[in-house]
Amino acid sequence: MISGAWVVFAKESIDNLRDRRAVLSSLIMGPILGPAIFAIAMTAVLKMTAGELEKPLELPVMGAEHAPNLVAWLEQREVEILPVPEDPEQSVRDGDHHVILVIPESYGEQFRAGTPAAVRLMVDASNRKAQTNIRRTRGMLEGYSDSIGRLRLLARGVNPSVSDAVAIETDDLASPAQRASLILGMLPYLIVISMMMGGFYLAIDTTAGERERGSLEALLTAPLSRGELMAGKLAATFVFSVLGLILALIAFWVVIPMVPLDQVGMVINFTPQMATGIFFVNLPLALFVAAMLTVVAAFTRSFKEAQTWLSLALFVPMIPTFVILILPFQAQGWMMVVPSLSQGVLVNEIIRGETLDLSQVVISWVTTIAYGLGLGAVAARLYRREAVLG
Amino acid sequence: MIEIENLEKSFGAVRAVDGVSFRADDGRITGLLGPNGAGKSTTLRILYTVLRADGGSARVDGHDVAEAPLAVRRSMGVLPHGTGIYPRLTARENIAYYGRLNGLRGAALAARVDSLIEMLEIEEFSERRAKGFSQGQRIKVALARSLVHDPRNVVLDEPTNGLDVMATRALRELIRKLRADGRCVLFSSHVMQEVAALCDDIVIIAHGRVVARGSPEALRAEMGQQDLEEVFVRAIERGAQ
């Protein structure tokens, strides 16, 4: 029984390794390109935020002559006051300037009358790069408004603090590592993709591909049971899913230290121990993913059809990782019986440097393996149908 | 030896095989002849255990196809209708894969594959990957693959489809060689001349039923026709009535 499955496994593995397109997509695109893009995107985001904070704020001011005190106050705070460009609105739209301050003529009059003196900010709210400078400009103007307001209260003999009904203080309890994990919440998602991509082509090639080539009928006349046949094919897909996982973890281990997380006060140690932990947590998911892909592919009649359906099936295990990304919640017992969700939660805990609850790991392992084997049995059953010959 | 008794198989409302009975003896070539859609492939598929019969039985060397499918597959070499081989494996690897599936290992496997490569004249392309093989080359590899476990019974479903004259001749030679080894050879075709040139026994199938059976000579006598093609047409017409 085992030896028949082993022969099938060995053949499918060699066959797949000789398929350049399959190797490219399963072992390069998924596991290596994913982390690479992740690192580049992260670096870009971090550089952007860190860079904007360091640079002095450049602020074109229209009608600076109407509020000399305000302008002087801004200059004291190292704001570089610039002349207004020819077409201010267009320059904001084009992103040449992130924010332009407009001081209307009425400013002085309103200011002296003690009514709120209106100023205007020209911004493009859809420009992501501009957000930091918009926030800084707004913050400075609010600071100015606040300090003048206090002076006015003092002049009227009122304690300025009566206007502070609520004093808000924020204690940021997230350790730097935890803050980093917010961004690294992408990790479970990328890990699932790498496993899926690893097994993607093999799942198709061993089922729909075999049928399309016309080699399935002869294979079914070989003296081994459909269960053995499926076990061998599934094992090959599983191994390539695991290879995808391993390569992705190695890629992350190489790439994460290159991301300048320290620039924004984050610390992340992606140690080999963590990678090993993530590997073991995800091992059953590789089986589940391989079995799921195989079942879907076994239903289809051609390579093309299988590709279409599998591309849709790719999203299923990604859904829980999306949920974690968007709604970061605490690990709860019930989550451990949901494949992909349990691994996502556990991976997140590993990244945050928390100790894993062993019982949760065991539940995650046992349930995911059970689903994986269940799906494997479904695949074998599909092969027992006569319709498999199509 | 292959024995088929009263075999029945329907796909939905279509009765593809409707009470087919015949036997194919060792050391003889038996031709299963019939027009397209007559039920030849379905009969053979039940015989090589990828389809299940609705009724009747089939035995290969005494093993029942429904009760002992693995024993049936071990005692039978099959060249199915589509001769798909693996394009990324070499001819030798394609053959060796089936050797391993049949339990051959090591030196015994290598020796067996070598002898098949020699017998089927595959030497020239044995180390090349199968992608781009001609139909004739593919059939040779598929045939070698089906013979790798030295089966007593050989089933070929329309083996000459898509072969040129030279390849067809080579295949005929080979089928005769299999008979000379004392094997039971059963093959299907819709070409009368081909069956006539090769077979010791002919089973003519139409509409899922056996309409005539016997040696070429016996069939000629039975139909009162010298021309075998005429025999074929008469038999089919008789079956339709």
Side-chain angles (χ1 to χ4, degrees), chain A residues 1-24 201-202 204-233 236 301-303 381-390, chain B residues 9 11 41-42 44-54 60 63 65 68-90 93-94 96-105 109 129-131 138 141-143 145-146 148-149 151 153-155 157:
Chain A
M1 158 85 198
I2 300 294
S3 87
W6 172 256
V7 171
V8 175
F9 164 75
K11 179 260 163 190
E12 296 296 2
S13 303
I14 291 169
D15 202 350
N16 190 57
L17 280 174
R18 286 187 186 169
D19 185 349
R20 211 174 290 168
R21 187 180 51 165
V23 169
L24 202 70
Y201 266 92
L202 250 173
I204 297 177
D205 200 58
T206 57
T207 55
E210 178 113 51
R211 188 188 303 179
E212 199 174 13
R213 274 195 304 268
S215 53
L216 178 62
E217 191 158 346
L219 186 59
L220 294 179
T221 66
L224 73 172
S225 71
R226 308 280 165 98
E228 282 175 88
L229 196 60
M230 198 30 92
K233 287 169 177 287
R301 314 212 148 259
S302 69
F303 212 98
R381 183 165 281 260
L382 284 176
Y383 264 59
R384 247 169 253 139
R385 294 182 315 162
E386 294 182 341
V388 72
L389 291 173
Chain B
K9 178 74 183 175
F11 299 106
S41 283
T42 305
L44 294 184
R45 278 175 158 184
I46 293 169
L47 185 63
Y48 57 73
T49 74
V50 300
L51 291 184
R52 274 178 290 270
D54 298 334
V60 178
H63 305 295
V65 293
L70 287 184
V72 167
R73 287 183 223 158
R74 269 187 217 104
S75 52
M76 187 164 58
V78 181
L79 186 74
H81 193 67
T83 45
I85 53 176
Y86 300 107
R88 289 185 296 268
L89 300 187
T90 65
E93 287 167 337
N94 264 292
Y97 179 39
Y98 274 70
R100 287 195 195 93
L101 288 174
N102 278 284
L104 292 172
R105 296 287 186 277
L109 174 68
R129 292 198 186 168
K131 190 180 182 176
R138 272 204 288 274
V141 174
L143 199 57
R145 174 174 85 175
S146 67
V148 74
H149 54 305
N153 306 276
V154 181
V155 174
D157 193 1

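First the proteins, then the strands, lettered A, B, ... as listed; each starts at 1.
- Within the 3.5 Å criterion, the main-chain N or O of Tyr86(B) finds no donor-acceptor partner in the side chain of Arg213(A).
- When all heavy atoms are compared, the tightest approach of Arg105(B) to Val7(A) is NH2-CG2, 3.4 Å.
- Of the atoms belonging to Tyr97(B), heavy atoms from both backbone and side chain fall under 4.5 Å from chain A.
- With rounding to the nearest 0.5 angstrom, the NZ atom of Lys11(A) is 7.5 Å from the CZ atom of Arg88(B).
- Interatomic distance, Ser3(A) OG to Arg100(B) CZ, rounded to the nearest 0.5 Å: 11.5 Å.
- Interface remark: Ile85(B) contributes backbone atoms only to the contact with chain A (heavy atom separation under 4.5 Å).
- Pairing each heavy atom of Gly84(B) with each of Ser215(A), the nearest pair is O-CB, 3.4 Å.
- Put simply, of Gly232(A), Ala222(A), Ala10(A), the one with the most heavy-atom pairs under 4.5 Å next to chain B is Ala222(A).
- Looking at Arg45(B) and Glu217(A), a side-chain N of the basic residue comes within less than 4.0 Å of a carboxylate O on the acidic one, giving a salt bridge.
- Chain B forms the most heavy-atom pairs under 4.5 Å with one residue out of Gly209(A), Pro223(A), Gly214(A), and that residue is Pro223(A).
- Interatomic distance, Asp15(A) CG to Leu89(B) CG, rounded to the nearest 0.5 Å: 4.5 Å.
- Annotation: the span from Leu224(A) atom CG to Asn102(B) atom CG amounts to 9.0 Å, rounded to 0.5 Å.
- Ranked by heavy-atom pairs under 4.5 Å with chain A, the first of His81(B), Arg129(B), His149(B) is Arg129(B).
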Full working for side-chain contact (heavy atoms from CB on, under 4.5 Å) between Leu101(B) and Leu219(A): CA-CA 9 Å; Leu101(B) 288 174; Leu219(A) 186 59; 3.5 Å; yes
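- Proximity to chain B is limited to the side chain of Glu210(A), based on heavy atoms less than 4.5 angstrom apart.
- Judged purely by atom type and a 3.5 angstrom limit, Arg73(B) has no side-chain atom pairing as donor or acceptor with the backbone of Thr221(A).
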